*Asks:* 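Got a structure here, written out as structure tokens. Questions coming.
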Amino acid sequence: MWGHLLVFSYLLQISVAFSIIPAATYDGKPRVSQALRRQNSSTAHRSVESSRLQMGPNPEEMKQQKGEALQSLSDFNDGVWSGVATSFSVTSDVAAGITRRKVSKPYKASVSTQFGLGGDGLKIVETLQWESDLKNSEGGTCLSTRSIPIGVSTDVDSVDGSYSCDEMIFKMPSAITGTESLIKFAIEHSLAISDDERMRCFLLYGVESQLVRVMICQERRVKDDGKANNIAGTTLSDEEEIAADINNLVNEIAGKISGSGMAGGLGFGSSEDSEELKGGVTEESTPEDKLDRLKKSLRSSLEQEDAKSFHNKIIPYQVDMFSLTTGVWLGDAVIRDHKEVKSSGKGFETQSRSKAKNFGDGFAEWSLGVQKAAFQFLWDFDESVRHVISWGRSMGARTDDNMPVSSVGVMNDKLMSRRLKPEERMIYIDYDMGKYAGFIVGSVYIKAPRFLTFSETKSDIASPFFTEVVMFQKRTGPDESPGRNIEFDDTEIFCSRMTRLYTKDGELSQGCTSFFVLKPNTSG
């Protein structure tokens, strides 16, 4: 069976390379087509069409490209977000897999894109707020602020505000990261998954350049109209309106509770609603019985409304090896090639990665391209896993040859027990004999190097490496309801993918965001 899978994978690569895959859609609109329409008069579009593409955008195009990327980054990410972080550690023992899993307390993150003065350059300032676990006088609300430079190593999707970056000497409180270890280097991916939701993944490397911690943050924007600022996003005016409605309802109940026409008095116009309210209620019923019947009817009505509003929604899709291997994932990739950026030195210790000398130095200096892509997971229903990605036709910058197209791994699924809640289940995959680590956590797939090999003194053993973060989602169907997950049906299943490719010297070579739709395998 494994041989048949390999043959199918080879044919798939050939077919993708010489055919045009239908454009993937997001919320009913082609993602890449939407991007190109939105940027029709922008630098990005002109860069793709330019005959000077291989030389990169000219100074005027570069200036506009910087502005668009910064505007998109700020528009989506600035504001207050509420979320919870799930973190875990990875050991050198493949059999041990994922250890020290921890879920943080709810927190708020206030994000602001700032324009520094002098040599401070551009930066993202993030202030975290959470409640301490301590019960004594040292407890209470805790605050922590971190500043992320926006420069050469920052990659931004100008369409939706998704971004990725890296940071030396990463500083975030252990209450969120789940570790007290010193973090020498961190890679952050932030994917916009809806207008008001984002998923962030942090890959944390220790002093010996080994992957010591992975953190996944699911965050939702906190609504704020200046009157209130709470995690649920309910404003003061909303609360006052709800309170007024409740008062009116109570007054109606007080006036009609002893009469037989309580349904009409409460404003339920349909005969079905009226009969439902009257069911089980007689003249001899006590006011408590009548009120209890009213509560049940209102609860049933709210549940029906929730079910209706749940239809055709985009929600996270919990994945495992069965759901990942049910078909081929087809889509488009937007590639940002950073190789045109000139650097004065090698490694992460260079001036370009520490502090920008001028406003916006190194930021958004990339060449843009669009390329067809497809990927597939192959599984022998035991421990062996293979991840294959194929690249098709392109316009503009194309995927670098250093980006791997196939990886073979060994799976550890001891945390997939049915005794665990679906959101607590995890899969660990040891790729390429320990070179990369893969994780499936709920609706998120992550792939990252186990060790960073870049070095200024041992360049002979250094090699390019990449990171990958994927968020899986689905569109709910008419037969679904909150809390119910239908695995195999005609529901549209798709994912957003973000990658970063580094050179052997540790410089960002390419950034890529892509969107894929699952095309299930068909029998016969």
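Not measured: the values here are computed from a predicted model. Both backbone and side-chain heavy atoms feed into the values below; hydrogens, waters and symmetry mates do not.
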*Asks:* Would you indicate whether the side-chain heavy atoms of V444 and M199 approach each other to under 4.5 Å?
*Replies:*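 Yes, side chains in contact.
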*Asks:* Given side-chain hydrogen bond (donor to acceptor under 3.5 Å, both in side chains), test Y317 with E492 step by step and report yes or no.
*Replies:* CA-CA 10 Å; Y317 179 64; E492 182 184 6; over 6 Å; no
*Asks:* Got a salt bridge between R220 and E197, using NZ or NE/NH1/NH2 to carboxylate O under 4.0 Å?
*Replies:*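 Looking at R220 and E197, the cut-off is met.
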*Asks:* Would you find a donor on one side and an acceptor on the other, under 3.5 Å apart, between the side chain of S323 and the backbone of V319?
*Replies:*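 Not confirmed, S323 side chain does not pair with V319 backbone.
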*Asks:* Might you work through the side chain to side chain contact (heavy atoms under 4.5 Å, CB included) test for C217 and W81, ending with a clear yes or no?
*Replies:* CA-CA 11 Å; C217 302; W81 300 81; over 6 Å; no
*Asks:* Hey, do the aromatic rings of F381 and W379 have their centres closer than 6.0 Å?
*Replies:*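 So the answer is yes for these two rings.
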*Asks:* Run the numbers on E126 and T145 for side chain to side chain contact (heavy atoms under 4.5 Å, CB included), then give the verdict.
*Replies:* CA-CA 6 Å; E126 177 180 15; T145 300; over 6 Å; no
*Asks:* When you look at R200 and S190, which way does the side-chain hydrogen bond (donor to acceptor under 3.5 Å, both in side chains) test go after all the steps?
*Replies:* CA-CA 4 Å; R200 292 197 291 169; S190 178; 5.2 Å; no
*Asks:* Nearest 0.5 Å please: distance from the CZ atom of F515 over to the OG atom of S496.
*Replies:*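 One gets 5.5 Å once the value is rounded to the nearest 0.5 Å.
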*Asks:* For residues V441 and I427, determine if any side-chain heavy atom of one lies less than 4.5 Å from a side-chain heavy atom of the other.
*Replies:*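 A side-chain contact is absent here, since even the closest heavy-atom pair is not under 4.5 Å.
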*Asks:* Return the minimal non-hydrogen interatomic distance between N521 and G327, and the atom names on each side.
*Replies:*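 Between these two residues, the closest heavy atoms are OD1-CA, 3.4 Å.
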*Asks:* Distance-only, no hydrogens or angles: does the T503 side chain make a donor-acceptor pair with backbone N or O of S509 under 3.5 Å?
*Replies:*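 It does not hold such a pair.
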*Asks:* The test is salt bridge (charged side-chain N to carboxylate O under 4.0 Å, His left out); show your working for E208 and K184 and say whether it passes.
*Replies:* CA-CA 8 Å; E208 296 181 357; K184 177 183 176 181; over 6 Å; no
*Asks:* Got a second to check how far K171's NZ is from S147's OG, nearest 0.5 Å?
*Replies:*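 Interatomic distance, K171 NZ to S147 OG, rounded to 0.5 Å: 11.0 Å.
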*Asks:* Testing R500, K447, M403, H189 for side chain to side chain contact (heavy atoms under 4.5 Å, CB included) with E468, which one passes?
*Replies:*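 Exactly one option meets the side chain to side chain contact (heavy atoms under 4.5 Å, CB included) with E468, and it is K447.
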*Asks:* For H387, is there any backbone N or O sitting under 3.5 Å from a side-chain donor or acceptor partner on Q376?
*Replies:*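 Not at all, since once roles are kept as given, no pair shorter than 3.5 Å links the two residues.
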*Asks:* Are the side chains of F494 and I314 in contact, using a 4.5 Å heavy-atom criterion?
*Replies:*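 Sidechains of F494 and I314: in contact.
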*Asks:* Specify the closest pair of heavy atoms between L73 and G161, including all atoms of both residues, with the distance to one decimal.
*Replies:*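 Minimum heavy-atom separation between L73 and G161: CD1-O, 4.4 Å.
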*Asks:* Below 4.0 angstrom, N of the basic side chain to O of the carboxylate: do D430 and R450 qualify?
*Replies:*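 Answer for the salt bridge query: yes.
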*Asks:* For the side chain of S394 and the backbone of V370, is there at least one donor-acceptor N/O pair under 3.5 Å apart?
*Replies:*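 No, S394 side chain to V370 backbone: no donor-acceptor pair under 3.5 Å.
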*Asks:* Ignoring hydrogens and geometry, is there a side-chain-to-backbone donor-acceptor pair from E68 to Q65 under 3.5 Å?
*Replies:*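 No.
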*Asks:* Nearest 0.5 Å please: distance from the CD1 atom of I429 over to the CD1 atom of I446.
*Replies:*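 If we round to the nearest 0.5 Å, I429:CD1 and I446:CD1 are 11.5 Å apart.
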*Asks:* Once rounded to the nearest 0.5 Å, what's the spacing between atom CD1 of I98 and atom OH of Y428?
*Replies:*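 Taking CD1 in I98 and OH in Y428, the distance rounds to 8.5 Å.
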*Asks:* Holding to side chain to side chain contact (heavy atoms under 4.5 Å, CB included), I want the full list of residues that pass it with V103, two or more places apart in sequence or in another chain.
*Replies:*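 Checked V103 against side chain to side chain contact (heavy atoms under 4.5 Å, CB included); matches are V84, T86, R101.
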*Asks:* Between F439 and M426, is there a side-chain heavy-atom distance shorter than 4.5 Å?
*Replies:*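 Not touching, per the 4.5 Å side-chain cut-off.
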*Asks:* Could you tell me whether the side chain of E507 and the main chain of D505 form a donor-acceptor pair under 3.5 Å?
*Replies:*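 Here the side-chain-to-backbone pair does not exist.
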*Asks:* Is there side-chain contact between V156 and W366, with at least one heavy-atom pair below 4.5 Å?
*Replies:*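 A side-chain contact under 4.5 Å exists here.
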*Asks:* Run the salt-bridge test on R221 and D195 with the 4.0 Å N-O cut-off and return the result as yes or no.
*Replies:*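 Judged by the 4.0 Å cut-off on N to carboxylate O distance, R221 and D195 do not form a salt bridge.
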*Asks:* Side-chain contact, heavy-atom cut-off 4.5 Å: L191 with R198?
*Replies:*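 In short, these two side chains do not touch, never coming nearer than 4.5 Å.
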*Asks:* Can you tell me how the ring of F377 sits relative to the ring of Y445, calling it parallel under 30°, perpendicular over 60° and tilted otherwise?
*Replies:*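 The arrangement is perpendicular - the two ring planes meet at more than 60°.
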*Asks:* Where do V388 and S406 come nearest, in terms of heavy atoms and distance?
*Replies:*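 Nearest pair, atom of V388 first, then S406: CG2-OG, 4.1 Å.
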*Asks:* Give me the atom names and distance for the closest heavy-atom approach of G392 to Q371.
*Replies:*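 Nearest heavy atoms, G392 then Q371: O-NE2, 3.1 Å.
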*Asks:* Please report the shortest heavy-atom distance between P464 and N402, naming the atom on each side.
*Replies:*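 Smallest interatomic distance, heavy atoms only, reads CG-CG, 3.9 Å.
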*Asks:* Show, in sequence, the C-alpha distance, side-chain angles and deciding distance for T513 and R497, and conclude whether the side chain to side chain contact (heavy atoms under 4.5 Å, CB included) test is met.
*Replies:* CA-CA 6 Å; T513 47; R497 177 177 183 262; over 6 Å; no
*Asks:* Passes side chain to side chain contact (heavy atoms under 4.5 Å, CB included), I124 versus I150? Steps please.
*Replies:* CA-CA 7 Å; I124 300 174; I150 300 176; 3.6 Å; yes
*Asks:* Anything under 30° is parallel, anything over 60° is perpendicular, the rest tilted; go ahead and classify Y436 against F466.
*Replies:*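 Geometry flag for F466 against Y436: tilted rings.
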*Asks:* Between the side chains of S158 and S72, does any donor sit under 3.5 Å from an acceptor?
*Replies:*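 No, S72 and S158 have no side-chain donor paired with an acceptor closer than 3.5 Å.
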*Asks:* Angle between ring planes, F516 versus F375, binned at 30° and 60°: parallel, tilted or perpendicular?
*Replies:*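 If you compare the ring of F516 with that of F375, the planes turn out perpendicular.
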*Asks:* Let me confirm one number: the CD-CG distance from E383 to N412, rounded to the nearest 0.5 Å.
*Replies:*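 These two atoms lie 8.0 Å from each other.
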*Asks:* Run the numbers on T179 and T177 for side-chain hydrogen bond (donor to acceptor under 3.5 Å, both in side chains), then give the verdict.
*Replies:* CA-CA 6 Å; T179 180; T177 63; 5.7 Å; no
*Asks:* Are the ring centres of F170 and F202 closer than 6.0 Å?
*Replies:*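 Distance test on ring centres: under 6.0 Å, yes.
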*Asks:* Can you find a pair of side-chain heavy atoms, one from I335 and one from L368, that are under 4.5 Å apart?
*Replies:*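 I335 vs L368: side chains apart.
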*Asks:* Output, in order, the C-alpha distance, side-chain angles, deciding distance and verdict of side-chain hydrogen bond (donor to acceptor under 3.5 Å, both in side chains) for Y107 and E131.
*Replies:* CA-CA 8 Å; Y107 64 85; E131 295 298 325; over 6 Å; no
*Asks:* Taking all non-hydrogen atoms of both residues into account, name the closest pair between G442 and Q318 and its distance.
*Replies:*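 Heavy atoms only, the tightest pair is CA-OE1, 3.1 Å.
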*Asks:* Check Q510, M498, H338 against D155 for a side chain to side chain contact (heavy atoms under 4.5 Å, CB included) and give me the one that passes.
*Replies:*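 Among Q510, M498, H338, the one that satisfies the side chain to side chain contact (heavy atoms under 4.5 Å, CB included) with D155 is H338.
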*Asks:* Measure the CD-NZ distance between Q129 and K108 for me, rounded to the nearest 0.5 Å.
*Replies:*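 Going from the CD atom of Q129 to the NZ atom of K108 covers 6.0 Å.
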*Asks:* Using a 4.5 Å cut-off on heavy atoms from C-beta on, say whether the side chain of C495 contacts that of M471.
*Replies:*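 No, every pair of side-chain atoms sits at 4.5 Å or beyond.
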